[in-house]
Protein chains: 2
Amino acid sequence: MTEGPTITTIAQRAGVSIASVSRVLNGLPAREDTVRRVLRAADELGYVPNSVARSLRNRRTDQIAFAMADIGNPVYVAMVREIQPVLKEAGYRLLIHSTDGDAGDELGVLRGLRERYVDGLIISPLRGVTREHVEAIVAARAPVVVIGALPEDMPRDALVDNVRTDSRAGVRLALDHLYAIGRRRIGFLNGPLDTVPGAARAAAYREGLEALGLPYDEDLVEVGDFYRDSGARAARALLARAPGVDALMCANDLIALGALDVLREQGRDVPGDVAVVGMDDTDLASVTWPTLTSVSLGSAERGRAAAGLLLDRLQNDRREPRAVVVPPSLTIRGSTTLPGTPPGGAR
Amino acid sequence: MTEGPTITTIAQRAGVSIASVSRVLNGLPAREDTVRRVLRAADELGYVPNSVARSLRNRRTDQIAFAMADIGNPVYVAMVREIQPVLKEAGYRLLIHSTDGDAGDELGVLRGLRERYVDGLIISPLRGVTREHVEAIVAARAPVVVIGALPEDMPRDALVDNVRTDSRAGVRLALDHLYAIGRRRIGFLNGPLDTVPGAARAAAYREGLEALGLPYDEDLVEVGDFYRDSGARAARALLARAPGVDALMCANDLIALGALDVLREQGRDVPGDVAVVGMDDTDLASVTWPTLTSVSLGSAERGRAAAGLLLDRLQNDRREPRAVVVPPSLTIRGSTTLPGTPPGGAR
DNA sequence: ACTCCGGCCGTAAACGTTTACAAGATCCCC
DNA sequence: GGGGATCTTGTAAACGTTTACGGCCGGAGT
């Protein structure tokens, strides 16, 4: 924990100026003799450049932040897993912020960008991008990539890149699949309608039924939270009200877990009596019993795309904002297929 | 993304020197009139201090890094969940590194400390602290807290704080519990013996049986990896060799998941025919069916303790190194208790 | 021998802060 | 009104880099 050598120390020992030291260490042209002496001195002293001083001078920190709602959520973990290597490859360090879905915290991170402690930010705001978010982004002095929907009236000069998924199409995939395996009374366990995903999935459920020629029945819909226990509560309520359901579409894998708990507890066979589909296709989906058919919203791809966009933007400051849409896909597992039955229909 | 105001800009606008600006912004005494003008100018300009420049001058970054093997591992997630708020409270930002259990990567982080991009580090090396780790830690210019075992010959001057758990005691807890519910042929599915936890758990299993007066039988032990599929393979092998086992002690929750898969597949009732205990008490333990009795190694506590030690050390550079040991505990769930039967024994 | 050119190198400034020091302003008291 | 004490302020240096600029030197061309 002693004070380490600086280029000045090296310069003295090698008998050259600090400018020469810097040049040698950065591989700029120098006489062969100078190079040798500087490198030797640096080596003997165990020199390591001070990244803070370098950042100040270069006006870049080689750090990038990723702000997400919850570090325990497998969706974000999948994103980090993809983002990390891409950034590392490009020479950036990744800072991870867990905002606990607190909009205040999110804004804090966004505002913190102005401190310049980071060259760019990837953020995935849980409840969508508010006007305050937009203001903070415009005021920020670093490029931002948003994972999730942007508001319609996003100012052109914000230069925000965007990655999203099509969760409506995802819901459709699931409904089509359930229809294909013969289900006709398909219940829906949703998350809060004031979240972006919640609202989108609600609409998609309605549209999807219509497209399939099935009636929309309010008794088949229950709204709760995106957690397991809340999913269980919702499932219990729905099953009590509409005992005849033969499938449950869940807005989230966690909700689906809760539903599975309740179905097991009530002795209903999955998928024999009731088929269940989750959403997000997290690691959990393959852990449950039966394993859970789930709509993948491409978390990994979204993460990768976001990292790519950010790096690209860091190269080219003035590029037009870009938006990437990752299509959903359906991973069929035990909760919708009887053993031995080949998975029917969709995809 | 425009170049922002600096204290110089503010000084001009307020008609004072930059020293006064700095003083006012840091709450040092100044004439009331000066304070007002500076604050007004700063506000109008939307000034935000440059954290890099401040770090250079103050020789501190207010950032702390946490290096772990795998961001997807619930054990580390639990640690982060505890570390984050503690550090935040103390005014530090948390940088998260996922080293993928790669010793090279771990060393990279450790060596990176010398760049001074961070004021301190919490690291949890998967395969223990090697001589190279020690060297890097001694050479580092920032305090380090290691979560996990330290080598015996740790140099005194390294000033490394340490947090560990007692996984031997943890194994004993599990064995005692299994014994208490009447199991006498207790199998053991372990992870690699060249990892620190693997070796410790192997020894503890032996000792634990001895303490209970049960014979050690090689046929009841299988070594694999700390993953689910590996756990399944190991369980299959063990069950084939020793069909009479009535309990499986697993070195890890993931291994236990694999074992549950196999038992279900073979139609053996859990816990009726075979009781199962996992280790780490991750979130997964409450997701499975049946839910999994698991030894908690206090990930959360360890994280909290590590953060505490680091903060403390940052206050007091010269303090003697300290070691915290977090005792294990047992969380009893469905995989060792028949419904209706009160959990017996241990604890 | 003079000029010109190119290659290396050192001096110094800059990045945006904080802070030691000394000078100027203000006040109080005699 | 002079003198000291106290408060406030500005100047400048420092943190550790990178880099523009100009100087020096040696060699080549005339």
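So that the names make sense, note that chain A is the first sequence line, chain B the second, and so on, each numbered from 1.
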Worksheet entry | Residue pair A:Phe226 / A:Thr195, side-chain heavy-atom distance below 4.5 Å | yes

Discussion item. Among D:dT19, D:dT8, C:dC8, which nucleotide has an atom closest to any side-chain atom of B:Pro29?
Written reply: D:dT8

Fill in: Stepwise side chain to side chain contact (heavy atoms under 4.5 Å, CB included) test for A:Ile137 and A:Val146
CA-CA 10 Å; A:Ile137 290 176; A:Val146 171; 4.2 Å; yes

Worksheet item: Between D:dT8 atom C1' and B:Arg36 atom CZ, what is the distance in whole Å?
Response: 16 Å

Discussion item. Which heavy atom of A:Leu314 sits nearest to which heavy atom of A:Asp119, and what is that distance?
Written reply: CD2-O, 3.5 Å

Item to complete: To the nearest Å, give me how far apart CG (B:Leu28) and P (C:dT19) are.
Response: 8 Å

Fill in: C:dC9 OP1/OP2 closer than 4.0 Å to side-chain N/O of A:Arg31
yes

Worksheet item: Which nucleotide, D:dG16, C:dC15, D:dT9, lies nearest any side-chain atom of A:Arg59?
Response: C:dC15

Item to complete: May I ask you to decide if A:Glu115's main-chain N or O and B:Ser51's side chain share a donor-acceptor pair within less than 3.5 Å?
Response: yes

Worksheet item: What residues in residues 41-57 of chain B put a non-hydrogen atom under 4.0 Å from any atom of DNA chain D?
Response: B:Leu56, B:Arg57

Worksheet item: How many Å lie between CZ on A:Arg141 and C1' on C:dC15, as a whole number?
Response: 14 Å

Fill in: Flag side-chain contact, heavy atom, 4.5 Å: A:Arg81 against B:Ile71
yes

Worksheet item: Which whole-number value in Å describes the distance from B:Glu32 CD to C:dA25 P?
Response: 21 Å

Item to complete: Take atom CZ of B:Arg37 and atom C1' of D:dT9, then tell me their distance rounded to the nearest Å.
Response: 12 Å

Discussion item. Just to be sure I understand the rule, does B:Ser20 reach a base, reach only the sugar-phosphate, or reach nothing, if contact means heavy atoms closer than 4.0 Å?
Written reply: sugar-phosphate

Discussion item. Tell me every residue that passes side-chain hydrogen bond (donor to acceptor under 3.5 Å, both in side chains) with A:Arg319, counting only those two or more places apart in sequence or in another chain.
Written reply: A:Asp161, A:Asp312

Discussion item. Has B:Thr9 got a side-chain atom pairing as donor or acceptor with B:Thr6's backbone, closer than 3.5 angstrom?
Written reply: yes

Worksheet item: Hey, is the main chain of A:Tyr117 close enough, under 3.5 Å, to the side chain of A:Gln63 for a donor-acceptor pair?
Response: yes

Worksheet item: Listed in order of residue number, which residues of residues 6-19 of chain A have a non-hydrogen atom at under 4.0 Å from DNA chain D?
Response: A:Thr6, A:Ile7, A:Ile18, A:Ala19

Discussion item. What I'd like to find out is whether the side chain of A:Leu297 reaches to under 4.5 Å of the side chain of A:Arg302, using heavy atoms alone.
Written reply: yes

Worksheet item: Roughly, in whole Å, what's the span from CZ in B:Arg23 to P in D:dT11?
Response: 11 Å

Worksheet item: Has A:Asn58 got a side-chain N or O lying under 4.0 Å from the OP1 or OP2 atom of C:dC15?
Response: no

Worksheet item: Atom CD of A:Glu115 and atom C1' of C:dT17: how far apart are they, to the nearest Å?
Response: 13 Å

Item to complete: Starting from P on D:dT17, measure out to CG on A:Asn26 and report it in whole angstrom.
Response: 11 Å

